[in-house]
Number of protein chains: 2
Amino acid sequence: MMSAADGVRPMRADARRNRERILLVARAAFAERGVGCSLDDIARQARVGPGTLYRHFPSREALLDAAMAGWVDDVCASGAAILAEADDPLEAVRRWFSRLLDHVLVHKGASAMVAAMGDPSSPLYASCSRIREANETVLSTAGDTGRLRAGVEPDPVARLVLGICALAGDVGMPRGEAEAMLEIVHRGVTR
Amino acid sequence: MMSAADGVRPMRADARRNRERILLVARAAFAERGVGCSLDDIARQARVGPGTLYRHFPSREALLDAAMAGWVDDVCASGAAILAEADDPLEAVRRWFSRLLDHVLVHKGASAMVAAMGDPSSPLYASCSRIREANETVLSTAGDTGRLRAGVEPDPVARLVLGICALAGDVGMPRGEAEAMLEIVHRGVTR
DNA sequence: ACCTGAACACCGTTCAAGT
DNA sequence: ACCTGAACACCGTTCAAGT
């Protein structure tokens with residue numbers, strides 16, 4: 001458990017406001033212009049100096065992680081919800097893939113997450129791992145019912161699905177094409 | 001048929017030499033530092049002014065396409081060779097995926113090709129289409145023997161396999177992980 | 001016809017000076 | 001403690017001047 005006594009001193013009010021404004025602008029900028037967009041622009045739009053952006057987020061990845069935290073929460077919660085609702089575990093897997101695609105197509109940044117999956121030093125690693133765990137839960141439920149192929153490891157599947165979502169988001173692929181790819185993966189892992 | 005009379009006038013000798021030197025340097029640079037590496041560096045290493053690079057290759061994609069032409073030739077020829085050698089069409093599909101991975105892991109640039117697949121105006125579109133055709137040939141041979149799942153379209157498969165290769169190349173993924181993903185796709189399209 | 005290299009605009013990053 | 005904005009290095013791109 002954390003508390004104020006652990007050294008998590010509250011930020012000065014203006015710093016907190018700046019931080020929030022940067023995040024708000026960054027989320028919109030990443031979604032509209034992609035995760036490679038100019039950080040200077042973000043700082044300008046948030047009406048702070050470039051140094052202020054760097055003080056709060058020392059790297060593009062750090063900013064990316066903070067900006068994505070919200071939808072990563074949502075998508076992980078979706079995983080649990082899908083399992084609870086669906087009666088067919090195979091359909092649950094399909095819905096899980098599709099939900100992941102939904103989020104990535106809007107918010108982008110999945111390519112950075114895939115890159116971070118193998119790199120514990122990345123600021124995105126924690127978010128990455130949360131998605132990986134959600135994926136593991138959905139898949140293992142299907143596995144327990146015997147509907148998964150033998151020898152299917154959840155992590156390559158997570159990488160693959162995230163990778164497809166990343167590709168679709170970065171390239172601006174029509175949704176249907178991305179779905180077709182996910183369907184191939186679905187057939188490849190289930191029986 | 002093309003001939004000198006069609007307006008394909010020969011280049012001046014120094015221009016031809018410069019062009020070749022730029023391509024030689026570019027191939028090494030893309031392979032070592034990735035397809036996003038500095039074009040200024042390439043010009044410097046090839047000992048030409050930046051303007052000369054732009055005269056020969058008006059965009060990064062144009063340079064990329066010229067630099068990749070060689071291995072695209074090779075990989076397409078591989079497709080035919082694999083079909084001729086292999087007795088099992090399923091094994092041929094597997095080998096085809098694997099061969100594509102080999103080339104991309106060395107030369108990079110597959111992400112740009114995936115992006116170009118849906119964009120006929122891209123300088124990479126022609127190379128892209130050649131790979132797509134090779135893929136179509138290998139897959140349809142397997143399809144003729146009834147070893148392909150019903151409703152499998154070759155193009156989404158091409159995009160998917162190229163996409164995985166691109167991901168593996170860009171992220172520096174261990175070969176085994178990429179193979180694991182390709183195996184899932186293989187199971188997804190065959191029976 | 002082709003090459004050169006200076007020039008420009010833009011971007012990420014740092015840091016001394018301020019409050 | 002935090003912010004500002006000037007400064008620096010780097011890169012893509014253009015173009016006037018040369019041969």
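Chain letters run A, B, ... following the sequence lines, proteins first and then strands; every chain starts at 1. The basis for the numbers below is simple: all heavy atoms, side chains too, and nothing from hydrogens, waters or symmetry mates. These numbers were taken from a predicted model, which means no experiment stands behind them.
Every residue meeting the salt bridge (Lys or Arg N to Asp or Glu O under 4.0 Å) condition with B:Glu179, not counting sequence neighbours, appears here in chain and number order: B:Arg175. Applying the side chain to side chain donor-acceptor pair (under 3.5 Å) rule to B:Asp155 yields no partners; only residues at least two apart in sequence or on another chain are considered.
Within the structure, no pair that satisfies the ring pair (Phe, Tyr, Trp, His ring centres under 6.0 Å) test touches residues 164-190 of chain A, not counting sequence neighbours. Residue pairs meeting the salt bridge (charged side-chain N to carboxylate O under 4.0 Å, His left out) criterion with at least one member in residues 59-71 of chain B: none, sequence neighbours excluded. Within the structure, the salt bridge (charged side-chain N to carboxylate O under 4.0 Å, His left out) test picks out the following pairs touching residues 182-191 of chain A (sequence neighbours left out): A:Arg94-A:Glu183. The list of salt bridge (charged side-chain N to carboxylate O under 4.0 Å, His left out) pairs with a residue in residues 36-46 of chain A, not counting sequence neighbours, reads A:Asp41-A:Arg44. For residues 53-105 of chain A, the ring pair (Phe, Tyr, Trp, His ring centres under 6.0 Å) pairs, not counting sequence neighbours, are A:Trp71-A:His107.
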Pairs under 3.5 Å (Watson-Crick or G-U), crossing ones as [ ], inter-strand ones as |: DNA chain D comes out as ||.|||||...|||||.||
With B for base contact, S for sugar-phosphate-only contact and - for none (protein heavy atoms under 4.0 Å), nucleotides 3-16 of chain C reads SBBB----SBBBB-
